[in-house]
Student: 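Got a structure for you, questions after.
Excluded from the calculations below are hydrogen atoms, water molecules and symmetry mates; all remaining heavy atoms, backbone and side chain alike, are included.
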Protein chains: 2
Amino acid sequence: MGRITLKELAALAGVDKSVASKVANGLSAPASAEKISRVQALMHEHGYVPLSAARSLARRRNQRIGFLLSANTSLGFANEVYARMLCGSLAVCQAQGYQCLADSWDFLRLTDLQLPENILGRSVDGFILTGGVSDAMLDAIRSFALPFVAISGERLRGSVPVFSWDTAVISREVLEYCRSLNHRRIWYCTTQRLGRENLERQLASFPDLRVEILSRTDPTSAEALAKTCTRRYCQLPPAERPTFVFGASVFCCALANELSAQGYRCPQDISLLGSHDNTLAQYYHPGLTTISENYSRLGQLAAETLLAMLSGKLNHSQAIQQSQSHTNTHYWSFRASTRAIDV
Amino acid sequence: MGRITLKELAALAGVDKSVASKVANGLSAPASAEKISRVQALMHEHGYVPLSAARSLARRRNQRIGFLLSANTSLGFANEVYARMLCGSLAVCQAQGYQCLADSWDFLRLTDLQLPENILGRSVDGFILTGGVSDAMLDAIRSFALPFVAISGERLRGSVPVFSWDTAVISREVLEYCRSLNHRRIWYCTTQRLGRENLERQLASFPDLRVEILSRTDPTSAEALAKTCTRRYCQLPPAERPTFVFGASVFCCALANELSAQGYRCPQDISLLGSHDNTLAQYYHPGLTTISENYSRLGQLAAETLLAMLSGKLNHSQAIQQSQSHTNTHYWSFRASTRAIDV
DNA sequence: GTGAAAGCGCTAACAC
DNA sequence: GTGTTAGCGCTTTCAC
């Protein structure tokens, strides 16, 4: 290894290793000024950094958190949504001297109730959880008494600290937007049960709108759904066709492509509103108008809360409170895929 | 914590903790069958998993690698290219019982020669390095005698194990493709110095093609470059305009958007070939033809090589050899943005 | 087969 | 101020 240990360093400096340890940890006045600087000089010279495993064992904390993504594909982090969350959390960890273990965790592994080694072996002090989280999974996780914060999973609110988008707010804003552009016939695509419920609750306030909910419960691809929708669109009498569609950005683009093949144009024939402001939305032609969560900000907030819990600044219920009081981080990006229609 | 330790477990089972340790590590015949099963039952019952820090200290290996991205933005992993590499590496780690520490490392931090804690504190057994790697950085990194494998950084070949795309091969295939579609006037966008050199070398074999190299040395955004190119395109006499442009996929899409605003269509007026097969290329309209590296595969290969080094199956030079002999993982995705023109 | 004992490198409580 | 001491939880010889 060639790496120098504290003991050796202390011997070189002619001090006890406990003194050297205190110097390494920047404790106030652990020794005479002269000795301190001697030790510091040696540390600098040898590029000494405490061995993380030894320090973890002695301190009983790892200065490390996990970022656990529960996805049904090994390509979970390739999804820009999760990648951005990770980036946000990573930035906070870096700023506060924490390490971040990334783990993409297959849904299926849950059936064994086989939690990731990271958690079981306590190699993280806490973790951030995101992706699809089932209740069974949550129970298993919770039984481990490791602090964690979730991102997404609106329904968990109240029992765990969770930073998530508020589908009630989102659906209201979307419907208001539709109305402001004079749209009446709307297709609203949502995958979450709660999102659907929140939408349905909103509908009472929008009796002038005819909203059809496109539930995508099974994991059909965006393309497949787009094809189905296009077929239906074409079969419908023109007066019955939606003039506005809301859905995931990839779905919107896939739909625009399919419709285009049938001769229908966006935004002339149909307005499309995406729910993720990502590279695709930004560069698609026409640029996709979106209402989107700020995912990296969400990752950041989650990490900040988690680290505050770890440092004892926040207890469980305070963390829950903080997660609930976070101001909504969603934002609109108005681009060219939506337009007002004549009344 | 509530977590049970080996010592306690051994006491419960009425055996020495060294025996329990052997059972936990699955050593052959560490004790009588009866004792073994007694210990195993207890371990199962308590959900015992060795404490990772203690095990790391005793074994002097962490079963953990780092995935270091050197980027000039904290949003590095939001780039689909790097996210996919990470996914590939993650999958391998998972399969082989390793943990993966993700770290996005700002270029600027290099100036202090301040290496990430992960490396300095030896909290990883080795790491995968990707993104922009300067020579100074590489020297600093190398001096730490931790095994690592790089992804990208063609010029590093020979001195470190690096999995990278071969710009010589890519440029040849691109030019051949242009020729096969009867294109003569080509804009070829590349950011890397070596990529440019390799392209220039190829040009000798393609005297019939008029290739202009668009060097993007400064970090101008894809949009900015697209605007500049569009201006030039419009100013050029029609007979001088390129009929084929090769570049990063976002750039291609941005260019298509700009050109479209000026009334020029893809692929009717211009063929566009992207260098990354990502979500944008797939869903853009028209679908972007791409020649792309398989990034997740690259991440996978890098991790496999690194883990082989860590387990002693490969030494440094064998790893280099293996990285060089990897069959090219790039592939074409033919979509609608390119077309043959009349001669 | 089994267990005693040393040690991994560091931290922290407590004397001096 | 400084050093002594006792761990942290586990692995790994090495006797028995």
Student: Side chains of A:Tyr48 and A:Leu6, heavy atoms from C-beta outward: is any pair under 4.5 Å?
Tutor: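 Yes, at least one pair of side-chain atoms sits under 4.5 Å.
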Student: What pairs of donor and acceptor atoms, side-chain ones from residues 137-149 of chain A against any protein atom, are under 3.5 angstrom apart with sequence neighbours left out?
Tutor:
| unit_1 | atom_1 | unit_2 | atom_2 | d |
| --- | --- | --- | --- | --- |
| A:Ser143 | OG | A:Ala140 | O | 2.7 |

Student: How would you summarise protein contacts on nucleotides 6-16 of chain C per nucleotide, using B for base, S for sugar-phosphate only and - for none, with heavy-atom distances below 4.0 Å?
Tutor: B-BBBBBB---
Student: A side-chain contact here means heavy atoms from C-beta on lying under 4.5 Å apart; do A:Thr130 and A:Val81 qualify?
Tutor: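 A side-chain contact under 4.5 Å is absent here.
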Student: Please report the shortest heavy-atom distance between B:Cys100 and B:Leu90, naming the atom on each side.
Tutor: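 In this case the closest contact between B:Cys100 and B:Leu90 is CB-CD1, 3.4 Å.
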Student: Would you mind reading off the distance between A:Arg61 atom CZ and D:dG9 atom P, rounded to a whole angstrom?
Tutor: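 Taking atom P of D:dG9 as the reference, CZ of A:Arg61 is at 15 Å.
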Student: Taking C-beta and beyond as the side chain, do A:Phe127 and A:Asp103 meet within less than 4.5 Å on heavy atoms?
Tutor: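 Heavy-atom side-chain distance check fails, nothing below 4.5 Å.
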